[in-house]
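Note that the numbering runs from 1 along the sequence shown for the chain. Every number for a ligand or one of its atoms is a count from 1 in the order of the listing.
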Amino acid sequence: MGTKVLNIDTLSIDIGLIKEAAGVIHNRGLVAFPTETVYGLGADALEARAVARIFEAKKRPLDDPLIVHIWDKKDLYALASEIPLEAERFMERFWPGPLTMILKRSEKVPELVTTGLDTVAVRMPSHPVARKLLEISGTPIAAPSANLFGRPSPTDASHVIEDLDGRIDMVLDSGNSQIGVESTVIEFIDGKIIILRPGGITAEEIMDFSGKKNVVVYTALDQLKKSPGKYIRHYSPKAPVALVESSPDQVEKVISLYEDLRSGSRSPGIIAVQEHFEKYKGLRVKVLGSRYDSRTCASRLFHILREFDREGVDHIIAEGIDQKGLGLAVMNRLKKAAGIH
Ligand code: TXA
Ligand code: MG
């Protein structure tokens, strides 16, 4: 059976269509839906059989836990057995929005959702279509990103179809994801806030809110292994990615790599910051965004990786950017796409 695509205008949501999608969720089906970060692949979080279908459709390993999405704070009390005071403060400040919190799980959460861990990841999205779907479904929705395991997360409905057509029941198409990288995942351990995955809420925002010394960002490899998306090569296009970090001779390094690949009859593509675009004249290049605008860079990253795949580019050379603001999340995804260890 093919996957049904419903177009939903975010600004004037057709409730009839949302009800149709909620019906699929009720029947233990799979619905891909837009969020402010990336598209999610949703199923009823309290129905193990529905959740099992998510792993199947994505070909996701059974030891990679899912995020549970909620509409209202009251839903949290059914999912989490303990809510630290600090978590309450974070909810007040950042929900609804691109922040996922790891909390002690309650008995109600199927083991499959948390893959046997004693914690559960919860987030309240802000996208109006996601919120309506959660509200009308009347149940929490487990949803990883709606891509095949290991591929770049989908930032529009065509990406979802590219990976999952025929494998899921429905896609709600509301155009481009605004943020373009996934939510920030945090955990509260021994009075510290651990950023397991940098994402849509920046580390600076979290530090401003909680005090710099209370926040730990996981970056080292051993930590990366324990953190979300722990499989080292991740977010990957089909083409291998080489990451050239920011340095005085960054452009020269990129060009020399490019020429090497060309002379080996490869078809390389460059992902560059806007400021360097002119320097790559005549080469195959796509602009991520200005190096001073990490928001734009984040919103375009996954789209560009997939575009290069579609165009048959077989090696991607990406310029690194500063790890400020959303630059931290962009660099985290690029490092994983490059499989850097
Ligand atoms: O923005 C997002 O978070 C998107 C949208 C759809 O909400 N979702 C998303 O889900 O990115 P996913 O499955 O692609 O990434 C969730 C990550 C996983 O890599 C998983 O390792 C981590 O969250 N995670 C889930 N439960 C966890 C837990 N109990 N402890 C530590 N990490 C957990
Ligand atoms: Mg994912």
Side-chain angles (χ1 to χ4, degrees), residues 30-43 45 51 54-55 57-70 79-81 94-106 109-127 129-131 133-134 140-155 159-160 163-164 171-172 174 177-189 194-201 218 223-236 298-299 302 326 329 332-333 336-337:
L30 300 183
V31 177
F33 61 96
T35 83
E36 68 277 22
T37 55
V38 300
Y39 275 69
L41 177 59
V51 172
I54 292 179
F55 286 89
K58 276 188 62 112
K59 304 186 182 167
R60 184 180 176 103
L62 287 168
D63 62 352
D64 196 358
L66 307 179
I67 296 175
V68 180
H69 296 67
I70 59 174
L79 303 171
S81 63
F94 294 106
W95 276 3
L99 181 78
T100 297
M101 288 192 278
I102 308 294
L103 299 166
K104 287 268 171 297
R105 76 178 257 261
S106 86
V109 182
E111 273 198 21
L112 196 53
V113 171
T114 64
T115 62
L117 297 174
D118 60 358
T119 52
V120 60
V122 188
R123 118 167 169 88
M124 186 192 288
S126 62
H127 194 289
V129 172
R131 292 189 59 69
L133 178 66
L134 285 161
I141 292 182
S145 48
N147 50 282
L148 282 174
F149 179 73
R151 299 267 303 142
S153 292
T155 54
H159 299 160
V160 179
D163 279 15
L164 300 175
V171 184
L172 306 184
S174 299
S177 303
Q178 198 197 340
I179 296 174
V181 290
E182 302 85 346
S183 61
T184 302
V185 180
I186 62 169
E187 188 165 12
F188 305 92
I189 298 177
I194 316 286
I195 300 182
L196 293 174
R197 175 177 74 182
I201 299 289
Y218 270 16
Q223 293 172 323
L224 271 180
K225 277 188 184 153
K226 283 185 270 172
S227 73
K230 59 197 162 192
Y231 297 85
I232 289 303
R233 190 153 188 267
H234 210 93
Y235 308 111
S236 303
S299 72
F302 289 141
L326 287 185
N332 170 274
R333 306 308 186 269
K336 289 194 174 187

Subject >> Sidechain-backbone polar pair: Lys58 side chain, Asn147 backbone, donor-acceptor under 3.5 Å >> reply: yes
Exactly one of Arg123, Gln178, Arg131, His127 clears side chain to side chain donor-acceptor pair (under 3.5 Å) with Thr35, and that residue is Arg123
Would you say Glu36's side chain and Ser126's backbone share a donor-acceptor pair under 3.5 angstrom? yes
Judged by heavy atoms only, the candidate from Gly116, Ser145, Ala130 nearest atom 14 (O) of ligand 1 is Ser145
Looking at Pro65, Ala143, Gly42, the heavy atom closest to atom 8 (N) of ligand 1 belongs to Ala143
Under 2.8 Å from the Mg ion (ligand 2), the protein N, O or S atoms found are Ser145 OG
Ligand 1 to Gly40, heavy atom cutoff 4.0 Å, flagged ligand atoms 6 (C)
Heavy-atom gap Thr114 to ligand 1 smaller than 4.0 Å = no
(message) So, 4.0 Å and heavy atoms of Arg60: is ligand 1 close enough to count as a contact?
(response) yes
| request: Would you please determine whether Arg197 falls within less than 4.0 Å of ligand 1 on a heavy-atom basis? | output: yes
The side chain to side chain donor-acceptor pair (under 3.5 Å) partner of Glu182 among Ser177, Ser153, Ser145 is Ser153
The atoms of ligand 1 lying under 4.0 Å from a heavy atom of Leu117, numbered in the order shown, are 28 (C), 29 (N), 30 (N)
A student checking ligand 1 against Ala121 at a 4.0 Å heavy-atom cut-off should list atoms 25 (C), 26 (N), 27 (C)
- prompt: Are any of the N/O atoms in Thr119 less than 3.5 Å from those in ligand 1?
  reply: yes
Here the atoms of ligand 1 under 4.0 Å from any heavy atom belonging to His69 are 5 (C), 6 (C), 7 (O)
Here the atoms of ligand 1 under 4.0 Å from any heavy atom belonging to Asp64 are 18 (C), 19 (O), 20 (C), 21 (O)
For Phe94, the ring-ring contact (aromatic ring centres under 6.0 Å, His included) test, sequence neighbours excluded, returns Phe90, Phe209
Next item on the list: Flag Glu182 as yes when one of its N or O atoms lies below 3.5 Å from any N or O atom of ligand 1, and as no otherwise.
Entry: no
- Got a donor-acceptor contact below 3.5 angstrom from the Arg60 side chain to the Pro65 backbone? yes
Heavy atoms of Ala143 and His69 approach each other most closely as O-CE1, 3.0 Å
Heavy atoms of Val122 and Trp95 approach each other most closely as O-CZ2, 3.4 Å
For the pair Thr100 (side chain) and Ser183 (backbone), establish whether a donor and an acceptor sit closer than 3.5 Å, ignoring hydrogens and angles.
no
Measuring from non-hydrogen atoms of Glu187 to any atom of ligand 1, is the shortest distance under 4.0 Å? no
